[in-house]
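Written below as structure tokens is the structure these notes are about.
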Amino acid sequence: MMPEISLNVLDVAENSVRAKATRIEILVTADTKSDTLTIVIADNGCGMSQEMVERVTDPFFTTRKTRRVGLGVPFFKMAAEMSGGSFRIESTVGVGTTVTAVFGLTHMDRMPLGDMASTMHQLITMHEEISYRYLYRYDDDAFELDTDEFRAILGDVSFAEPEVSSYIKEYLAENSAEVTAGRAI
Amino acid sequence: MKSLEELKAIRERMQNQLGVRDKDEKQTRIVVGMATCGIAAGARPVLNKFAELVQEKGLKDVMVTQTGCIGICRYEPIVEVFESGKPKTTYVHMTADKAEEVFNRHIIGGNVVKDYVIPATIEVGK
């Protein structure tokens, strides 16, 4: 069990990295009208067969060899479902995979969203060969980031360069805080 | 609110320094386990702490990176330190505070922090 949803996102997005995605979209939408918090992680990685899609929510399925259990997806699914939400994976071999987790926004058993800015910062700086689109929305307020824009400005300067890395960290933190505007998720 | 203009300014400042650095030059690698087990146990703040300190001190020959599960999940968060010409050091049950201590005493000071290294005999694969 992850103590915050942003850690589920970090973990499950690593599956996209291993699936050789070149583009990952992460959408976080809090909607008070429908009382939902929706997380979408969509990649253009290698995708999965229908059979594999059915198996990845099984804790005793994993692609790795170092241990016999794989809890990333099951944890994410459990976290969504225990908050009265839902979970689904759509995938096409050679096209990519989309994971959608819907949480009950004000449900008592929903984990806090946590530090999404930190999750995005880590994904962006640790896998800079991948381009990311990140959308963070709270009702009508939204913040969107596309690392292709960073890349166009920076050219071959690495995102891991100290100055660039701390810029990205602050960019994420400040813009997210503006959207959240004190309404803790 | 941060703007992209700031990033352009950073890019301009950095242009002169380009070509000086190369990943192959890195002498030390700090590797943090970031699979489900590591993340659930608290690896994210550990990785962040190392990355911050390396940036803060401007250590050009130290690289902070991540890896998957190495099979001893109950010792997570796990940090491996690889230094050229030395045996690998494996730190277990790490926290951000311990990371700072390892950074100061080991990465900067050159002394392995024995209290946090993995016990000599463990059973792998359980």
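First the proteins, then the strands, lettered A, B, ... as listed; each starts at 1.
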### Query
Which heavy-atom pair separates A/M2 from B/T36 by the least distance, and what is that distance?
CE-O, 3.6 Å
### Query
Between B/L4 and A/Y167, what is the shortest heavy-atom contact and its length?
CA-OH, 3.5 Å
### Summary
If one checks every heavy atom of A/E14 against chain B at 4.5 Å, the contacting part turns out to be side chain
### Query
Would you call A/F75 and B/I39 a side-chain contact if the rule is heavy atoms closer than 4.5 Å?
no
Pairs under 3.5 angstrom only: tabulate donor-acceptor contacts from the side chains of residues 19-26 of chain A to other protein residues two or more places apart or in another chain.
residue : atom : partner : partner atom : Å
A/T22   : OG1  : A/N44   : ND2          : 2.8
A/R23   : NH1  : A/S131  : OG           : 3.1
A/R23   : NH1  : A/D146  : OD1          : 3.2
A/R23   : NH1  : A/D148  : OD2          : 3.4
A/R23   : NH2  : A/D146  : OD2          : 3.0
A/E25   : OE1  : A/R133  : NH1          : 3.2

### Within-4.5 Å side-chain heavy-atom neighbours: A/L154 and B/K8
no
### Query
Are A/V73 and A/V40 connected in the hydrophobic side-chain network, where two residues link if heavy atoms are under 4.5 Å apart?
no
### Task
Measure distances from A/F150 to the heavy atoms of chain B and classify the residue's part below 4.5 Å as side chain, backbone, both or neither.
both
### Task
Might you point out which heavy atoms bring A/P3 and B/A40 nearest each other, and give the distance in Å?
CD-O, 4.5 Å
### Query
Rounded to the nearest 0.5 Å, how far does CG of A/L10 lie from CE of B/M34?
4.5 Å
### Message
According to a hydrophobic-cluster definition based on side-chain heavy atoms being under 4.5 Å apart (Ile, Leu, Val, Met, Phe, Trp, Tyr only), do B/F82 and B/I118 belong together?
### Response
no
### Task
Using a cut-off of 6.0 Å, state whether more than 12 heavy atoms not belonging to A/E51 lie near its atom CD.
no
### Message
Ignoring hydrogens and geometry beyond distance, is a side-chain donor-acceptor pair present between A/S166 and B/Q55 at under 3.5 Å?
### Response
no
### Query
Are B/R11 and A/D156 ion-paired here, with the side-chain N under 4.0 Å from a carboxylate O?
yes
### Message
Please classify the contact between A/S6 and chain B as side chain, backbone, both or neither, with a heavy-atom cut-off of under 4.5 Å.
### Response
both
### Task
May I ask whether B/L59 and B/V113 are part of the same hydrophobic cluster, defined by side-chain heavy atoms of I, L, V, M, F, W, Y residues being less than 4.5 angstrom apart, directly or through others?
yes
### Query
Same hydrophobic cluster for B/V31 and B/V102, using side-chain heavy-atom links shorter than 4.5 Å among ILVMFWY?
no
### Message
Tell me which one of A/I153, A/V164, A/V157 satisfies side-chain contact (heavy atoms from CB on, under 4.5 Å) with B/I10.
### Response
A/V164
#### Entry: Ionic contact status for A/E161 with B/R13, cut-off 4.0 Å
no
### Query
Do you know which of A/D11, A/I168, A/N8 has the most heavy-atom pairs with chain B at a distance under 4.5 angstrom?
A/D11
### Summary
residues 91-123 of chain A vs chain B, non-hydrogen distance cutoff under 4.5 Å, contacting residues -> A/D115, A/S118, A/T119, A/Q122
### Query
Contact part of B/E52 toward chain A, heavy-atom cut-off under 4.5 Å: side chain, backbone, both or neither?
side chain
### Query
Same hydrophobic cluster for A/Y132 and A/L27, using side-chain heavy-atom links shorter than 4.5 Å among ILVMFWY?
no
